[in-house]
Trainee: 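Sharing a structure, written as structure tokens. Questions coming.
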Amino acid sequence: LHDTAIRELAGREALLNEARMDLDRALRARGMGRYTGESVGGYELGQLIGRGGMGEVYDAVHLDSENTAAVKLLHPQVLEDPSCVKRFLRECRLASSLDEPNVVKVLATSKPEDPIPFIAMERLYGIDLSDMLRQRGRLRMREVLRLIREVGNGLDAARQVGIVHRDIKPRNIFLSEGGPGETLRNGVWKILDFGVSKLANDVTMTRQNLVGTPSYMAPEQAAGEDVSHRTDLFSLAVIAYRALTGRPAFTGDNPMVIMYRVVNDMPPQPTAVARLAPQLDDVYAIALAKDPWERFDSATELADALEKAARGRLPKALRERGQRLILELPWGAA
């Protein structure tokens with residue numbers, strides 16, 4: 001009974017810390033921005049609707065067509081680094097080539113000679129996963145499977161053109177309304193913000209330009225090493241862990257502590273913190289492996305394994321693989 005109470009308190013504290021960070025970001029993001037009322041790239045900018053590490057996102061309307069959009073402008077400190085701006089725009093142009101329903105559509109990007117670099121994207125209406133989890137706590141298994149498959153489609157499409165997102169987290173996963181008059185039940189999960197993405201063959205990443213969100217980073221990313229599509233799949237698995245168990249996989253008092261745990265520790269055993277099918281432990285042991293080559297190779301593999309485990313039908317080879325990994329690095333304290 002005492003151990004159960006301690007686990008519940010730890011879980012509540014982790015969720016409270018997560019909610020505090022989300023609320024702080026939300027309060028800083030909304031309202032009038034420095035460019036509200038200005039025209040950029042043929043778009044009139046309205047209220048600030050989002051803010052991240054790379055820039056600000058404004059509600060916008062195209063001056064000629066009157067079509068709505070979301071326009072992202074880079075932060076001043078980012079503008080001071082020409083190489084960062086060049087890479088940012090190059091990668092966003094690549095992202096605009098993705099004809100994939102599960103990736104937010106890029107409508108336009110600025111030219112090198114434009115005074116203010118910008119990216120215009122489709123304007124989405126709905127709810128992001130962070131807000132959904134804060135409201136509901138946990139999602140049902142079928143909802144998580146749908147989420148993993150749809151977001152996985154977007155990641156697989158990015159992989160085909162050599163892009164690693166590097167910041168897959170609940171705030172960057174959005175359930176868009178299906179269309180005029182439709183509800184979220186008909187919506188589509190979309191990946192947002194390829195602004196911190198990295199070309200898979202670009203090996204210039206260092207600890208000095210580390211980007212991402214600590215709680216959802218992969219170990220190789222937190223350690224400042226090369227990233228690959230398996231880096232994004234690790235983050236997607238952390239999202240699935242959060243959605244199914246109701247608590248974050250990796251927590252800590254500050255980002256450095258969290259990144260240390262991401263690199264060195266396993267999270268609490270999923271079935272020890274929530275009532276889940278036992279074989280899901282084996283799936284998470286693989287999906288959250290420290291060595292990228294020990295993980296699943298695609299989001300489809302991850303989703304298939306989750307679905308089979310939920311039904312108690314995970315193949316023996318995967319069960320043994322997961323159990324071997326946990327023997328090498330046991331689950332963390334709940």
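The basis for the numbers below is simple: all heavy atoms, side chains too, and nothing from hydrogens, waters or symmetry mates.
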Trainee: Just wondering, do Leu155 and Ile168 contact through their side chains at under 4.5 Å, heavy atoms?
Mentor: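 Yes. Closest side-chain heavy atoms under 4.5 Å.
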Trainee: Is there a side-chain contact between Pro270 and Leu244 (heavy atoms, below 4.5 Å)?
Mentor: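 Of all side-chain heavy-atom pairs linking Leu244 with Pro270, none is under 4.5 Å.
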Trainee: Taking the cut-offs as 6.0 angstrom to the six-membered ring centre and 45 degrees off its axis, would you call Arg166 and Tyr216 a cation-pi pair?
Mentor: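 That pair does not qualify as a cation-pi contact.
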Trainee: Identify the two heavy atoms, one from Leu325 and one from Ala285, that lie closest to each other, and give their separation to 0.1 Å.
Mentor: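 Scanning both residues, the minimum pair turns out to be CD1-O, 3.5 Å.
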Trainee: What distance do Ile239 atom CD1 and Ser215 atom OG have between them, rounded to the nearest 0.5 Å?
Mentor: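 With rounding to 0.5 Å, CD1 (Ile239) is 11.5 Å from OG (Ser215).
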Trainee: Please name the pair of heavy atoms, one in Gly33 and one in Leu48, separated by the smallest distance, quoted to 0.1 Å.
Mentor: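 Heavy atoms of Gly33 and Leu48 come nearest at N-CB, 4.2 Å.
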Trainee: Using a strict cut-off of less than 4.0 Å between a Lys/Arg side-chain nitrogen and an Asp/Glu carboxylate oxygen, indicate whether Arg324 and Glu294 qualify as a salt bridge.
Mentor: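 Salt bridge flag = yes for Glu294 with Arg324.
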Trainee: Measuring from Arg275:CZ to Thr245:OG1, what's the distance to the nearest 0.5 Å?
Mentor: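 If we round to the nearest 0.5 Å, Arg275:CZ and Thr245:OG1 are 15.0 Å apart.
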Trainee: Can you tell me how far CE of Met259 sits from CG of Asn254, rounded to the nearest 0.5 angstrom?
Mentor: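 Asn254 atom CG to Met259 atom CE measures 8.5 Å (nearest 0.5 Å).
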Trainee: Donor-acceptor check, side chain of Thr109 to backbone of Ile119, threshold 3.5 angstrom: yes or no?
Mentor: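 A pair under 3.5 Å: no.
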Trainee: Quick one: do Leu145 and Leu318 end up in the same hydrophobic cluster if we chain Ile, Leu, Val, Met, Phe, Trp and Tyr together by side-chain heavy atoms under 4.5 Å apart?
Mentor: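 Yes.
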Trainee: In chain order, what residues pass the salt bridge (charged side-chain N to carboxylate O under 4.0 Å, His left out) check against Glu307, with sequence neighbours excluded?
Mentor: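 So Glu307 forms a salt bridge (charged side-chain N to carboxylate O under 4.0 Å, His left out) with Arg149, Arg311.
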Trainee: State, yes or no, whether a side-chain contact exists between Glu150 and Val188 at a heavy-atom distance under 4.5 Å.
Mentor: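 Yes, their side chains come closer than 4.5 Å.
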Trainee: For the backbone of Thr271 and the side chain of Gln269, can you confirm whether one donor and one acceptor N or O come within less than 3.5 Å of each other?
Mentor: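 Checked: no pair found.
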Trainee: Passes side-chain contact (heavy atoms from CB on, under 4.5 Å), Arg34 versus Glu56? Steps please.
Mentor: CA-CA 10 Å; Arg34 71 186 71 175; Glu56 299 174 336; 3.8 Å; yes
Trainee: Tell me, please, whether Tyr125 has Arg123 positioned over its six-membered ring: NZ or CZ under 6.0 Å from the ring centre and within 45 degrees of its axis?
Mentor: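 Ring-cation test returns yes.
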Trainee: Examine distances only and state if a side-chain atom of Asn102 and a backbone atom of Trp189 form a donor-acceptor pair shorter than 3.5 Å.
Mentor: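 A pair under 3.5 Å: yes.
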Trainee: Taking Asp114 for its side chain and Pro117 for its backbone only, find out whether a donor-acceptor pair lies under 3.5 Å.
Mentor: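 No; zero donor-acceptor contacts below 3.5 Å.
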Trainee: Please report the interatomic distance CD1(Ile148) to CD1(Ile173), rounded to the nearest 0.5 Å.
Mentor: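 These two atoms lie 8.5 Å from each other.
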Trainee: Aromatic rings Tyr58 and Tyr35: how do their planes relate, parallel, tilted or perpendicular, breaks at 30° and 60°?
Mentor: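 Ring orientation of Tyr58 relative to Tyr35: perpendicular.
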Trainee: Would you find more than 12 non-hydrogen atoms of other residues, nucleotides or ligands less than 6.0 Å from Asp99 atom CG?
Mentor: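 Incorrect, the count does not exceed 12.
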Trainee: Indicate whether the side chain of His229 and that of Asp297 have a donor and an acceptor atom separated by less than 3.5 Å.
Mentor: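 Note: His229 and Asp297 side chains meet the donor-acceptor criterion.
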Trainee: Tell me whether Arg295 contacts the main-chain N or O of Lys290 through its side chain, where contact means a donor paired with an acceptor under 3.5 Å.
Mentor: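 Indeed, once roles are kept as given, a pair shorter than 3.5 Å links the two residues.
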Trainee: Any side-chain heavy-atom pair from Leu107 and Lys105 closer than 4.5 angstrom?
Mentor: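 Result yes, sub-4.5 Å side-chain heavy-atom pair found.
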Trainee: Okay, side chain of Lys308, backbone of Pro315: is any donor-acceptor separation there less than 3.5 Å?
Mentor: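 Side chain of Lys308 to backbone of Pro315: no pair is present.
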Trainee: What's the shortest heavy-atom distance between Leu192 and His165, and which atoms?
Mentor: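 The answer is O-NE2, 2.7 Å.
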Trainee: Could you check Tyr241 against Val273 for side-chain contact (heavy atoms from CB on, under 4.5 Å), going step by step and ending with a plain yes or no?
Mentor: CA-CA 11 Å; Tyr241 181 103; Val273 296; 4.1 Å; yes
Trainee: Check whether Tyr260 and Ile258 end up in the same hydrophobic cluster, where Ile, Leu, Val, Met, Phe, Trp and Tyr are linked by side-chain heavy atoms less than 4.5 Å apart.
Mentor: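 Looking at the clustering, Ile258 is in a separate group from Tyr260.
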Trainee: Counting distance only, does the side-chain N/O of Arg261 pair as donor-acceptor with the main-chain N or O of Thr251 below 3.5 Å?
Mentor: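 Yes.
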Trainee: Check whether Arg319 reaches the backbone of Leu314 with its side chain - one donor and one acceptor, N or O, closer than 3.5 Å.
Mentor: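 Yes, Arg319 side chain to Leu314 backbone: donor-acceptor pair under 3.5 Å.
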Trainee: Evaluate the side-chain proximity of Asp281 to Trp331: yes if any heavy-atom separation is below 4.5 Å, no if none is.
Mentor: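 Of all side-chain heavy-atom pairs linking Asp281 with Trp331, at least one is under 4.5 Å.
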Trainee: Rounded to the nearest 0.5 Å, what separation is found between the CG atom of Leu139 and the CG atom of Leu129?
Mentor: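 CG of Leu129 is found 6.5 Å from CG of Leu139.
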Trainee: Looking only at heavy atoms, what is the nearest atom pair of Pro330 and Met266, with distance?
Mentor: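 Closest approach of Pro330 to Met266, heavy atoms only: O-CB, 3.4 Å.
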Trainee: If hydrophobic clusters are built by linking Ile, Leu, Val, Met, Phe, Trp and Tyr wherever their side-chain heavy atoms come under 4.5 Å apart, do Val263 and Ile326 end up in the same one?
Mentor: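 No, because Val263 and Ile326 fall into different hydrophobic clusters, even though each may have its own neighbours under 4.5 Å.
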Trainee: Got Ile116 and Leu73 here, is their nearest side-chain heavy-atom distance under 4.5 Å?
Mentor: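 Of all side-chain heavy-atom pairs linking Leu73 with Ile116, at least one is under 4.5 Å.
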Trainee: Just wondering, do Tyr43 and Leu63 contact through their side chains at under 4.5 Å, heavy atoms?
Mentor: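 They are not in side-chain contact.
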Trainee: Taking Glu220 for its side chain and Asp226 for its backbone only, find out whether a donor-acceptor pair lies under 3.5 Å.
Mentor: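 Not a single qualifying donor-acceptor pair exists.
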Trainee: Quick one, Val151 with Ile191, criterion side-chain contact (heavy atoms from CB on, under 4.5 Å). Give me CA distance, side-chain angles, the key distance, then yes/no.
Mentor: CA-CA 6 Å; Val151 173; Ile191 303 173; 3.9 Å; yes
Trainee: How long is the gap from CE on Met132 to CD on Glu143, to the nearest 0.5 Å?
Mentor: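 Interatomic distance, Met132 CE to Glu143 CD, rounded to 0.5 Å: 7.0 Å.
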Trainee: Looking only at non-hydrogen atoms, find the nearest pair between Pro267 and Leu288 and report the distance.
Mentor: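 Minimum heavy-atom contact is CG-CD1, 3.7 Å.
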Trainee: So, for Ser130 and Arg171, which heavy atoms are closest and what is the spacing to 0.1 Å?
Mentor: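 So the two residues come closest at OG-NH2, 3.4 Å.
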Trainee: Side-chain contact, heavy-atom cut-off 4.5 Å: Met217 with Val227?
Mentor: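 The answer is no; the side chains never approach within 4.5 Å.
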Trainee: Does any N or O in the side chain of Arg230 come within less than 3.5 Å of the main-chain N or O of Pro292, such that one atom is a donor and the other an acceptor?
Mentor: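 Answer holds: yes.
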Trainee: Given the rule in the salt bridge (Lys or Arg N to Asp or Glu O under 4.0 Å) test, do Asp131 and Arg134 qualify, once you have shown the distances and angles that lead to the verdict?
Mentor: CA-CA 5 Å; Asp131 287 340; Arg134 187 167 60 251; 2.5 Å; yes
Trainee: Within the 3.5 Å criterion, strictly below it, is a donor on Thr36 or Gln47 matched to an acceptor on the partner's side chain?
Mentor: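 No.
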Trainee: Show, in sequence, the C-alpha distance, side-chain angles and deciding distance for Val71 and Val57, and conclude whether the side-chain contact (heavy atoms from CB on, under 4.5 Å) test is met.
Mentor: CA-CA 5 Å; Val71 174; Val57 181; over 6 Å; no
Trainee: Under 3.5 Å, is there a donor-acceptor pair between the Thr213 and Lys169 side chains?
Mentor: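 Side-chain D/A pair, Thr213 to Lys169: present.
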Trainee: Would a hydrophobic clustering, with Ile, Leu, Val, Met, Phe, Trp and Tyr connected at side-chain separations under 4.5 Å, put Val61 with Val104?
Mentor: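 No; Val104 is not reachable from Val61 via cluster members.
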Trainee: Would a single hydrophobic cluster contain both Val257 and Val262, if residues Ile, Leu, Val, Met, Phe, Trp and Tyr are joined by side-chain heavy-atom contacts under 4.5 Å?
Mentor: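 No, separate clusters.
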